[in-house]
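Just below is one structure, and these are the notes that go with it.
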Amino acid sequence: MENNTQSLFAAQALESPCALAAALAPHAAAGHFDELRGRVSEGPAPVETAVPAQPVLRAAGSAAETAAPQPEAAATDDSLSPEWTRFFNFLGADGFYDLNHRTANLRRQIRDNGVTYNVYADANGPQRPWALDLFPMMVSAGDWAQIEAGIQQRARLLDRVMADIYGPQELLSKGLLPSALVHAHPGYLRGMQGVQPAGGTYLHIAAFDIAHGPDGRWSVVSQRTQAPSGLGYLLENRLTISLLFPEAFREMKVERLGASYKALVDGLKAMSPADGNEESRVVLLTPGPYNETYFEHAYLARFLGLTLVEGSDLLVRDDKLYLKTLRGLEPVHGLLKRLDDEFLDPLELRSDSTLGVPGLLQVIRAGNVLVVNTPGSAFLESSALLGFLPALSEHLLGETLALPSLATWWCGEQAVLQDVLGQLKNCVIKPTYPGSGMESVIGHTLSRRALDEWAGRIVRRGEDYTVQAYLPLPQTPTWQGERISPRSAMLRVFAVADGKGSWQVLPGGLARLAGKNENMSSMQHGGSSADVWVLGDASAAKAAAPRAEQPSPAWATAPLRHRPPVTSRAAENLFWLGRYTERAENSTRLAQITLQCLGGEDQTSQPLLAWLTSMAVGNALVLDTVPPATHARRVFERALIANLADTEQAASVGFNLRALKSAASAVRERLSQEQWHMIVRTEADFFQRCAIFSSVGQSQSQSQGGQGQSQSSQYLLEYSSVEALRALESASGFLSAMTGAQTDRMTRDDGWRLLSVGRLIERLNTLAGALARGFETGSVFEEGGFNAMVALFDSTITFHAQYQQRRDIPALLDLLVLDRDNPRSLGWVVQTLRGRLAKLAGSAPGDMPELAMELPDPGSWALADLCAGMQSDDGDQGDEGDEDSRQHDGRLVQMLEQCCDAALDLSDTLSRRYFSHAASGSQSLGA
């Protein structure tokens, strides 16, 4: 990669990496805390321009030489904070030349891992790659000690507040908390009043947005308790950035994250209401693949070892929650939810919700499930609550808040209202309650007239508004490709419960960065993120005793094997993932064979053209309104090429690839990153290649119709055909790799068996149907049709190796129907399908389950019976007009059609038995 950063450095020799970083980095904007330099910035920020070219850089020394801070750098006004000094010294002067290359690697890894986030403000589409900056955000050990103590205290406080509000409500009766902030808040759930949650803890995960103020002190700006996001994204950030700066990460003793996640899961299982005789089952509830943070849900489920479920995967029976699995209904004891409370139960909350579980609140009230967090915590997220927390802390904990909140005033109190109106220009106006559609308004960005209008709104409906002191967000260094640029940042930290009344603060967090010249960080509006490095204490004592890193001897010496259940929804998506993978392979191969035959030596063979037409229409490669290849070969060819990437009218190759991706996205937690990347890349590559020729083929098809072609249009058609074959060849290679991943990279559980069954059902139906059409049209009796049939079965090499140049029907049927060693033969497919069904049904060895009995028995097939009547006694093929020959030909076709019918019937039976639990009980709710 070309090194563009050499033009950035000053002409004079820079003696240290820190001096080089300071030369590349302008100061933070005036009034903002400068994270790079560790102090508030004074004066206007310099214009971001590249430093003049022609650098004279001294070669970087050893790690030992570069690790020591440079005294001359520390003495200048441009000196960096100790944390950033250490970071850039480990990077070394030569490391600056490599930053663009590291950035490219970062973006490639984000893309390959499929890390996405739904950006509502993006008009070009809902999905985009996750935005992650190259530089981490640094938090010193001293700062973290203060943050950790303050966040733990606040987690305890919020849990106590919620326990009181849904219990005795002393805070309301004593006037310590206005009733309007609770009872008028849509997040307060009256159905939860008086409910004691399972395990005795209301909050298990709480997120706090904090920031450095201009005075260098950390303050809490907001808090999230319903379903705080970020726990998965920050893990991905950590794994990505630590690999890009391994030496700095290791030597700066960055705190690890894994122990906190383990403590969370262990705490949930310990507090769940599972009986002593059964293992606690905790699942992660997601709104589904269309949610903006679905990647995180799948990522977290895989990392925590939880089953990812949607609302349709769960149901209520006798005040208990159950998971629909292939083995029946299995009890659920813990639910880590990632959707807002209002969608949880359509019976008691939003009746139009399709994301929740009918009767879930009833199960919670019965104490039979632990829900994280307990429904009804949304009122704690109101910004207005921050102004009351200092007094609540004194009352409930007898403690002063260790980590202060940003000054906040609720305008529902008249005394506060009068004081606030004159300060609006220096404050931020926020909605008190969610759902108003209002976004935060920064006072100093408003005109005098606009400020007066806002003052009028506040006077009329003061309880709807909360005013918060304006905080110029701290600015952290980011790498912008040619320079170090300061960006406003907000740090989100997480407290997780590791037991009743006990919380850990995850040592790190998610830094959310605002865009250039912006002071509001929002991922939903296109902001970016950064990893957060909490630097460990260098003392030997702490290094020798890392927190919660050593496993307990009980489970270290006696490991328990946990096989997660396969939900019915996941099983159905895996089943269709298999079917669409096989269908994509078959349609790709059929399209290749069709295009090759239409331009090959046998393009005038009427039986072959009839077979190709029948197969193309039957497999939706072309519409049934297109003239058949026997009548208008070129029109048929143009239509096939134009439909390859059509996902609206024809279910051709592009449609199958897109459906494959859709099925895979619903089970991402079960797929490796490499497998998911392969699926995404296959679809993108195919549509990109088709964009070159699809419009040409379509326009030619519309303009030429069935008429003769000019020399120019003939050239364009030939060009399109060649490019189409290249696109199909590329897709075929990707699909082969995909098949290999499904075969060799997935655990052989019931989910994989259903994926395999789906593939085999599709293969049996397609190949048996193709062979039947081959005999019906007579194409197999001609050389071109014979070769095309063998190619469709992907058995050309095997056929030539076993039968050389023979072109007789017995050899064809022996290889494509009877050969149990050929994975493309019907006999192998049925035999393997029966074996998969036996294991899926849990049959004893040697027993054949009822499902498998619906399939034909390949052991009863005999070559003599299959070939009866097709050849006369002298070895010549029988006369097509002979009645006996037609009778025996009809029996063969009938057998092949029975295979097709059996495959489709089996698909319906599997759907009824494993994907729907309508017969699991007579009622959905307990009395």
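One is the number of the first residue; the rest follow in order along the sequence. Every value quoted in this text rests on a predicted model; they were computed, and no experiment measured them.
Under the 4.5 Å side-chain criterion, counting only non-hydrogen atoms from C-beta, Leu818 is not in contact with Leu813. Under the 4.5 Å side-chain criterion, counting only non-hydrogen atoms from C-beta, Leu609 is in contact with Leu598. Residues Asp819 and Asp814 fail the side-chain proximity criterion, which asks for heavy atoms closer than 4.5 Å. In this structure the side chain of Phe734 never reaches within 4.5 angstrom of the side chain of Ile679, judged on heavy atoms. When side chains are defined from C-beta on, Leu671 counts as touching Met746, because their heavy atoms get closer than 4.5 Å. Using a 4.5 Å heavy-atom threshold, the side chains of Trp752 and Thr747 count as separate. Between Gln742 and Gln675 there is a side-chain heavy-atom pair separated by less than 4.5 Å. Between Leu728 and Leu644, the closest side-chain pair of non-hydrogen atoms falls below 4.5 Å.
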Could you check Leu326 against Leu840 for side chain to side chain contact (heavy atoms under 4.5 Å, CB included), going step by step and ending with a plain yes or no? CA-CA 9 Å; Leu326 294 181; Leu840 182 66; 4.2 Å; yes
Set out, in order, the CA-CA distance, both residues' side-chain angles and the distance that settles side chain to side chain contact (heavy atoms under 4.5 Å, CB included) for Thr777 and Thr613, then state yes or no. CA-CA 10 Å; Thr777 60; Thr613 300; over 6 Å; no
Determine, step by step, whether Glu585 and Arg763 satisfy the salt bridge (Lys or Arg N to Asp or Glu O under 4.0 Å) criterion, reporting the C-alpha distance in whole Å, the side-chain angles of both residues, the deciding distance to 0.1 Å, and the verdict. CA-CA 10 Å; Glu585 278 194 348; Arg763 186 177 302 178; 5.0 Å; no
Please lay out, stage by stage, how Glu762 and Arg759 fare under the test salt bridge (Lys or Arg N to Asp or Glu O under 4.0 Å). CA-CA 5 Å; Glu762 197 67 38; Arg759 294 203 62 158; over 6 Å; no
Might you work through the ring pair (Phe, Tyr, Trp, His ring centres under 6.0 Å) test for Phe575 and Tyr914, ending with a clear yes or no? CA-CA 11 Å; Phe575 175 74; Tyr914 292 112; 9.8 Å; no
I would like to know whether Leu755 and Thr581 meet side chain to side chain contact (heavy atoms under 4.5 Å, CB included); could you show each step before the answer? CA-CA 9 Å; Leu755 183 150; Thr581 304; over 6 Å; no
Pair Leu595, Glu637 - check side chain to side chain contact (heavy atoms under 4.5 Å, CB included), show working. CA-CA 7 Å; Leu595 291 176; Glu637 183 177 4; 3.9 Å; yes
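Across all non-hydrogen atoms, the minimal contact from Met853 to Arg834 is CA-NH2, 4.5 Å. Taking both residues in full, the closest heavy atoms of Leu764 and Cys899 are given as CD2-O, 3.8 Å, listed atom of the first, atom of the second, then distance. Nearest heavy-atom pair, Thr286 versus Leu308, reported as atom, atom and distance to 0.1 Å: CG2-CD1, 3.7 Å. Contact between Phe686 and Val653 at its shortest, heavy atoms only, is CZ-CG1, 3.6 Å. Val830 and Pro856 make their closest contact through CG1-O, 3.1 Å (heavy atoms, listed as atom of the first residue, atom of the second, distance). Scanning both residues, Asn656 and Ser587, for their nearest heavy atoms gives ND2-OG, 3.3 Å.
Note: Asn765 CG to Cys900 SG = 5.0 Å, rounded to the nearest 0.5 Å. Note: Asp905 CG to Asp901 CG = 6.5 Å, rounded to the nearest 0.5 Å. Atom CE of residue Met789 and atom CG of residue Leu608 lie 10.0 Å apart, to the nearest 0.5 angstrom. Atom CZ of Arg681 sits about 6.5 Å away from atom CE of Met678, to the nearest 0.5 Å. The CG atom of Leu771 sits 12.5 Å away from the OG1 atom of Thr766 when rounded to the nearest 0.5 Å. Taken from CH2 in Trp861 to CG in Leu866, the straight-line distance is 8.5 Å, to the nearest 0.5 Å.
A donor-acceptor contact shorter than 3.5 Å links the side chain of Ser736 to the backbone of Ser732. Side chain of Thr630 to backbone of Ala610: no donor-acceptor contact under 3.5 angstrom is found. Of the possible polar contacts, none joining the Arg836 side chain to the Leu754 backbone as a donor-acceptor pair under 3.5 Å is found. Between the side chain of Ser911 and the backbone N or O of Ser907, at least one donor-acceptor pair lies under 3.5 Å. Side-chain atoms of Asp857 come within 3.5 Å of backbone atoms of Gly859 as a donor-acceptor pair (strictly under, hydrogens ignored). Remark: side-chain polar atoms of Ser730 are not paired, donor with acceptor, to backbone N or O of Arg726 under 3.5 angstrom. Here the side chain of Asn643 pairs a donor or acceptor atom with the backbone of Ala639 at under 3.5 angstrom. Of the possible polar contacts, none joining the Arg668 side chain to the Trp676 backbone as a donor-acceptor pair under 3.5 Å is found. Side-chain atoms of Gln603 come within 3.5 Å of backbone atoms of Gly600 as a donor-acceptor pair (strictly under, hydrogens ignored).
Applying the salt bridge (Lys or Arg N to Asp or Glu O under 4.0 Å) criterion to Asp352, with sequence neighbours excluded, gives Arg350. Partners of Phe793 by ring-ring contact (aromatic ring centres under 6.0 Å, His included), not counting sequence neighbours: none found. Listed by chain and number, the residues in a salt bridge (Lys or Arg N to Asp or Glu O under 4.0 Å) with Asp313 are Arg569 (sequence neighbours excluded). Evaluation of the salt bridge (Lys or Arg N to Asp or Glu O under 4.0 Å) rule for Arg824 yields Glu582 as partners, not counting sequence neighbours.
Legend: salt bridge (Lys or Arg N to Asp or Glu O under 4.0 Å) pairs involving residues 619-631, not counting sequence neighbours: none detected. Here salt bridge (Lys or Arg N to Asp or Glu O under 4.0 Å) pairs that include residues 643-661, with residues two or more places apart or in two chains, are Arg658-Glu683, Lys661-Glu683.
The existence of a salt bridge linking Arg689 and Asp685 is confirmed by a sub-4.0 Å separation between a basic side-chain nitrogen and an acidic carboxylate oxygen.
Taking the six-membered ring for Trp and thresholds of 30 and 60 degrees, Trp576 and Tyr580 have ring planes inclined between 30 and 60 degrees apart.
For CD of Glu729, the number of neighbouring non-hydrogen atoms (other residues, nucleotides, ligands) closer than 6.0 Å is 12 at most. Other residues, nucleotides and ligands contribute at most 12 non-hydrogen atoms within 6.0 Å of the CD atom of Gln688. Annotation: Arg745, atom CZ; neighbour count of heavy atoms from other residues, nucleotides and ligands within 6.0 Å does not exceed 12.
No hydrogens or angles considered: nothing links the side chains of Thr798 and Asn822 as a donor-acceptor pair under 3.5 Å. In summary, the side chains of Thr293 and His297 do present a donor paired with an acceptor at a separation below 3.5 Å, with no hydrogens or angles considered.
Cation-pi geometry between Arg633 and Phe636 is not met: the NZ or CZ atom fails to fall both under 6.0 Å from the ring centre and inside 45° of the normal.
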